[in-house]
Amino acid sequence: MLRFINLIFIGALLSAAGFVYSVKYDATFDTSKITKLTREIAKERDKVNRLNAEWAYLNRPEYLQPIVEKHLSMQPLSLSQVGMFNLRDRQAPGPDPLTHMLEALERADKEVITAKIIVPKVNKVAVLKPVAKPLPRLAQKPAVKQQTLADVIAGLSRAKP
Amino acid sequence: MITNLLLVPAEKRKAKSRGRLRLIFLCFTALYGAIAFKMVKFAVNPHETAAKAPNNELITLSRPDLFDRNGKMLATDLRRASLYAEPHRLLDSDEAAEHIHAVIPDLKLKDLEKKLDSDKQGFIWVKRQITQSQQDALNKKFTPGLGFMYENRRIYPNGVLASHILGHVDIDNRGVAGIEKTLDKRSMVTQKSLISLGDTKPEPVTLSIDLTAQHIMREELVKAMAYYKAKAAAGVVMDVRTGEIISMVSLPDFDSNAPGTSMDETRLNRMTTGVFEMGSTFKAITTAMALDSGKVSLNSTFDTRHPLVYGGRPINDYHGQKRVLTVPEVFIYSSNIGTAKMALAVGVTKHKEFLKKLGQLDRLQTEVVENAMPLYPKNWQEVHTVTAAFGHGIAVAPLQATAAVAALVNGGYYIAPTFIKRSEEEANMIGRRVIKDETSKQMRYLMRLNAERGSGKQAEVDGYYVGGKTGTSEKVVAGRYSKTKLLTSFMGIFPADNPRYVILTMLDEPQGLKETKGYATSGWNAAPVTAKLISRLAPALGIEPRGAMAAANVVIPVSFKGNIR
């Protein structure tokens, strides 16, 4: 009986030792993995940071502005190009626009009615005038000459010494 | 021993061994208990042993990233390699010196040899913060005893933009000027060992600055400075509802990345570090005080026919009207005599109290650490009230005057200016009433009127309903006011009927040009520059343009009955 218990104990002891051993090595392995990952994360963060800084550098207004002025035909908005209407000033539509339409149709039996839409009264209407300046780059751009295969070959042979 | 044991009767033996067993049991319980306790302790606080202070030498500072109010980057830390040497490990110090010199020619060969030859030193920095290509070149030849450590280096992607606000750092990444210094003071900078892994970056800080606005300000001021041949130019835009500084520029400026010239006297931040006699822009403060006291109303009249004489010196008007003027007329014709009489009507003590209330007599402290104490006579007499009424004899930092004007037009609340993003609720908590709401309305009317009919006509921008006050002061040269060296400024508000921003533009010694008919006063230079600025700033700051707007007395109804002649 006693021997049996002892055997169990020894078995338990050995398995416990084995378990502790494996846990310890797992832990060591994980630690090194964590260290590696931490280092990689730091590196990646560093890269992200560097790219962010570069992005900010390339997006600085003093660098962008001349490029925009050179390549885009954008202009500052002038007051005459802006129209506004106030939603609060708009009158509520009539009780039933369809009735109005039918009545109008009846009244104008002889006239040829193309279309009549009752528009709610608006004080100021949004007017968007087109930009006066034509788009110079688009207008002046020469038509692209279609290059044929023969042209390409001719170009190649010319390029050769 | 064994024979002895055998001789002892069985019962006694049993009792003895039971006692021993109990003792051993106790011992083991205590031992394992101690181990368990220690393990729990480690589990609860894993960094207990790791928290040893790292070597003092090998520390770098991690600074928080700085962003503008729209999340655009203003400053960040980048890792830069620094070259170090361990002289006792070097095999051939001369060879190493040559190798380094070949890659970094700035380092003199002789100095390097001397530095690397000293056997006593265990660790020396050879060159801090080298470039990537230099590092690659050094790495090509393996030299034991040389190595790299990675330090943080502050980068300002926008260079000169906002350099006066941001300030700069030293080689150890410590803030030495501007907001950078405030970050250090408020311990928002963390220390990090050079050897440790990972990064402990502090939370980023969002400033009140708008990068686009800052760019517009700087560009236009650079142009204006060249056009009017001015010695210096400066400008600030402040949100009147929150006290946030949207933009602040002072020219000439410097690059935060290479702050070598930042300590140059001409490059100081004129908005906070310099104090100036603000001239007529100060009349806004005097007028508001007079109106708020109740002793003067918009309909009060002041005789400006004769100069005021104090201490044998006459005080005259620049745009002399030589008649009896109402308060709006005094304001738009910028009458020194009228304004001085207004201040006298309120009284010397009340005047000084009012200036104190608006923060004009104390040092203005913001997150940009550089500041200056206002200059004013310690023994404040009647004559000082007279001159201070029109902005002479008292010198304040322009930012300070801007904050005061913001309080005059925002409904009457003084809100301390800040460079850190702030919400309207926060601003309401710290706002302190300095004038009545009605007075504030009258001030908006007066400032708008001045842009419509007065000295600020050239500041008008279609659609944005600008208001403002011009200011021209003569600079003191060798103890006397100079007639030719002027400091012109324009204090503008937009939109004047419900101000959102106050803008101050300042030109130092602008010259009269053919285009300005030879005039060098504020209405001819600072005012049109402000107009140019507002026409670009307002759309960028999201202010809706409005078509044909009625005159000031219609849009801002006040109880003024007279006619303006």
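This is a predicted model, so every value here is computed, not measured. Each chain gets a letter, A, B and so on, in the order its sequence line appears, and its residues count up from 1.
Here the shortest heavy-atom pairing between A/A53 and B/P157 reads O-CB, 4.0 Å.
Residue B/L74 does not touch chain A at all, counting heavy-atom pairs closer than 4.5 Å.
For the set B/D65, B/D462, B/N158, the entry with the most heavy-atom pairs within less than 4.5 Å of chain A is B/N158. Between chain A and the options B/E219, B/R218, B/Q214, heavy-atom pairs under 4.5 Å are most frequent for B/E219.
The interface of residues 203-212 of chain B with chain A, defined by heavy-atom distances below 4.5 Å, comprises B/L211.
Applying the side-chain hydrogen bond (donor to acceptor under 3.5 Å, both in side chains) test to residues at least two apart or on different chains, none of the pairs has a partner in residues 10-25 of chain A.
At distances below 3.5 Å, not a single donor-acceptor pair connects side-chain atoms of B/R79 with backbone N or O atoms of A/K43. A/N49 places no side-chain N or O within donor-acceptor distance of the main-chain N or O of B/L78, the cut-off being under 3.5 Å.
To the nearest 0.5 angstrom, B/H215 atom NE2 is 3.5 Å from A/Q65 atom CD. Taken from CZ in A/R60 to CG in B/L161, the straight-line distance is 9.5 Å, to the nearest 0.5 Å. The distance from the NZ atom of B/K72 to the CG atom of A/N59 is 8.0 Å, given to the nearest 0.5 Å.
In the displayed structure, B/K14 atom NZ is contacted under 6.0 Å by at most 12 heavy atoms of other residues, nucleotides or ligands. Surrounding OH of A/Y63 are at most 12 heavy atoms belonging to other residues, nucleotides or ligands under 6.0 Å away.
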